[in-house]
Amino acid sequence: MPQPHVQEAEAHLEALRAALAAHGITLPSLGLEPPSVAGTYASPLIALGNCNLSTAEALAAALRKGAAG
């Protein structure tokens, strides 16, 4: 069974994935950083992953829109 901090990180990861999807954005490598899950970090790290230029542009636009609203 995953440790509580891993379960919490997975919940945040899924919330982030859903928020990105609401803007039509998919980060292919979005996930938990394996060394941080296996290590002694207080909280696992979320790896945002690689994306192409159009995805980076869409992400920046969504963030600008959110900051303006």
Side-chain angles (χ1 to χ4, degrees):
M1 177 190 314
Q3 297 177 0
H5 66 281
V6 174
Q7 290 175 327
E8 181 181 4
E10 288 172 341
H12 287 294
L13 174 64
E14 290 309 314
L16 177 58
R17 183 175 281 123
L20 290 167
H23 290 277
I25 299 169
T26 300
L27 296 176
S29 301
L30 184 65
L32 294 181
E33 187 68 34
S36 73
V37 173
T40 58
Y41 290 88
S43 176
L45 301 174
I46 294 177
L48 295 177
N50 300 319
C51 66
N52 61 30
L53 295 178
S54 63
T55 301
E57 182 179 12
L59 181 56
L63 290 170
R64 282 192 299 275
K65 182 179 177 182

On a heavy-atom basis, which atom in Ser36 and which in Leu45 lie closest, and how many Å separate them?
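Where Ser36 meets Leu45 most closely, the heavy atoms are OG-N, 2.7 Å.
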What is the minimum heavy-atom distance between Pro44 and His5, and which atoms define it?
CD-CD2, 3.3 Å
Just wondering, do Leu16 and Leu27 contact through their side chains at under 4.5 Å, heavy atoms?
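In short, these two side chains do not touch, never coming nearer than 4.5 Å.
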Return each pair, listed once, that meets side chain to side chain donor-acceptor pair (under 3.5 Å) where at least one residue sits in residues 20-32; pairs must be two or more places apart or across chains.
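Qualifying pairs: none.
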Taking only residues at least two apart or on different chains, which pairs with a member in residues 17-28 satisfy salt bridge (Lys or Arg N to Asp or Glu O under 4.0 Å)?
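The answer is Glu14-Arg17.
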Check: residues 48-60 side-chain donor-acceptor pairs under 3.5 Å, at least two apart:
unit_1: Asn52; atom_1: OD1; unit_2: Ser54; atom_2: N; d: 3.2
unit_1: Asn52; atom_1: OD1; unit_2: Ser54; atom_2: OG; d: 3.0
unit_1: Asn52; atom_1: OD1; unit_2: Thr55; atom_2: N; d: 2.8
unit_1: Asn52; atom_1: OD1; unit_2: Thr55; atom_2: OG1; d: 2.9

Output the distance between atom CD1 (Ile46) and atom CG (Leu30), rounded to the nearest 0.5 Å.
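It is 7.0 Å, given to the nearest 0.5 Å.
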